[in-house]
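Small disclaimer: the values here were computed from a predicted structure and weren't measured.
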Amino acid sequence: MSLDTALLAKKNQSKHIFLIDDDASMRFSLKGILEFLGYQVNVFESAVEFLKITVEVAPAVIITDMRMPDINGLELQAELLKRGRQIPIIFISGQSTFPQTISAMKQGAIDFLIKPFDRDQILSAVESGLEQDEAYMRSFKQSLTLEERLNSLSPREREVFELLAIGFNNAQIQEKLKIALPTAKQYKSEVMRKLNLGSLAELIALKNRTY
């Protein structure tokens, strides 16, 4: 692996791809390419299997075959829209009709690639999808008012929030609040989840905006 590829792989470690295809050889091939470049790849044999999970990571993108048993690509796309998580979708297909392509794009698909496609095509589509998801998540976070976000915290979680904002670590929170270390860690995790924050830097920025 070259230095440039290694740096790219490190950069991609926080980016998630959900690959859905009933073709085992296609899953194996794409998974290998994407993991080599550092992406976190989750593989599913069917849309039914994928819909059993809840996507709680971002940025994320879905790569899915259009023609699959039980639930096809368009039906999967429609179900995700109903659930409210607008994960960018890249469709791949060995065969498809023009109306399917139009329907997919109208519902927000990033790209529609016909097999066989080359490596650069899929990687370009993936990066486009991830950028879109990052923008969506930023917009989503900004749409929540500070009051709504902070009011979602319990009194104890609000205490933990205030301590985190001034730089307390888990051990210091444990000592200050006279609680067990696992409890301190759990409170911190809940604060970050409820406020939809990805880092302590975001938490401190949120705290600064409350003044």
Side-chain angles (χ1 to χ4, degrees), residues 9-20 38-44 47-64 76-89 107-108 110 126-211:
K10 184 175 181 180
K11 177 184 176 183
N12 289 337
Q13 286 177 354
S14 61
K15 299 176 180 180
H16 300 264
I17 298 173
F18 296 90
L19 173 59
I20 310 165
Y39 295 107
Q40 303 300 310
V41 184
N42 298 275
V43 177
F44 303 87
V48 172
E49 182 183 353
F50 170 75
L51 288 171
K52 292 177 181 178
I53 71 166
T54 300
V55 178
E56 298 180 336
V57 293
V61 67
I62 293 170
I63 302 174
T64 182
L76 168 63
Q77 186 181 31
E79 178 61 28
L80 289 172
L81 289 174
K82 287 181 185 177
R83 296 185 181 191
R85 176 65 170 93
Q86 299 179 25
I87 310 172
I89 297 180
Q107 291 184 171
I110 291 297
V126 164
E127 277 306 303
S128 179
L130 291 168
E131 288 172 5
Q132 178 173 309
D133 200 43
E134 285 181 326
Y136 169 76
M137 295 308 295
R138 283 196 299 270
S139 176
F140 176 75
K141 289 179 181 180
Q142 291 169 1
S143 70
L144 299 175
T145 68
L146 293 180
E147 183 177 0
E148 288 173 330
R149 294 164 75 177
L150 293 173
N151 284 345
S152 70
L153 302 179
S154 69
R156 179 63 97 181
E157 289 166 352
R158 184 60 184 261
E159 286 183 89
V160 172
F161 167 78
E162 297 292 342
L163 294 174
L164 289 169
I166 60 174
F168 274 47
N169 59 31
N170 291 329
Q172 291 169 320
I173 292 172
Q174 172 195 12
E175 182 178 354
K176 178 71 175 180
L177 300 181
K178 309 301 181 186
I179 56 178
L181 184 58
T183 304
K185 291 179 179 179
Q186 181 60 34
Y187 277 128
K188 176 183 176 181
S189 176
E190 282 299 295
V191 168
M192 300 298 284
R193 182 185 67 80
K194 286 185 176 182
L195 297 181
N196 199 26
L197 300 173
S199 68
L200 288 177
E202 289 183 16
L203 184 146
I204 292 169
L206 177 61
K207 172 66 176 177
N208 290 337
R209 287 173 59 196
T210 63
Y211 292 100

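- Qualifying ring pair (Phe, Tyr, Trp, His ring centres under 6.0 Å) partners for Phe44, counting only residues two or more places apart in sequence or in other chains: Phe50.
- The two atoms that bring Ile110 and Pro88 nearest to each other are CG1-CB, 3.6 Å, heavy atoms only.
- The side-chain hydrogen bond (donor to acceptor under 3.5 Å, both in side chains) test applied to Gln77 returns Gln107, not counting sequence neighbours.
- Nearest heavy atoms, Ala60 versus Ile87: O-CG2, 3.8 Å.
- For the salt bridge (charged side-chain N to carboxylate O under 4.0 Å, His left out) test, no residue two or more places apart in sequence or in another chain qualifies with Glu175.
- Atom CD in Glu157 sits 11.5 Å away from atom CG in Leu150 (nearest 0.5 Å).
- A search for side-chain contact (heavy atoms from CB on, under 4.5 Å) contacts involving Ser152 returns Lys194, Leu195, not counting sequence neighbours.
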List the atom pairs, with distances to 0.1 Å, where a side-chain N or O of residues 183-191 and a protein N or O form a donor-acceptor pair under 3.5 Å, not counting sequence neighbours.
from   : atom 1 : to     : atom 2 : distance (Å)
Glu190 : OE1    : Arg193 : NH2    : 2.8
Glu190 : OE2    : Arg193 : NE     : 3.3

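- Remark: Glu202 engages Lys141 in a side-chain hydrogen bond (donor to acceptor under 3.5 Å, both in side chains) (not counting sequence neighbours).
- In terms of heavy-atom proximity, Pro59 sits nearest to Ser14 at CD-O, 3.7 Å.
- Residues satisfying the salt bridge (charged side-chain N to carboxylate O under 4.0 Å, His left out) test with Glu127, not counting sequence neighbours, are Lys15.
- When the salt bridge (charged side-chain N to carboxylate O under 4.0 Å, His left out) test is applied to Glu134, no partner is found at least two apart in sequence or on another chain.
- Every residue two or more places apart in sequence or in another chain was checked for a salt bridge (charged side-chain N to carboxylate O under 4.0 Å, His left out) with Glu131, and none qualifies.
- Atom-to-atom distance recorded for Leu51:CG and Leu80:CG is 6.0 Å, nearest 0.5 angstrom.
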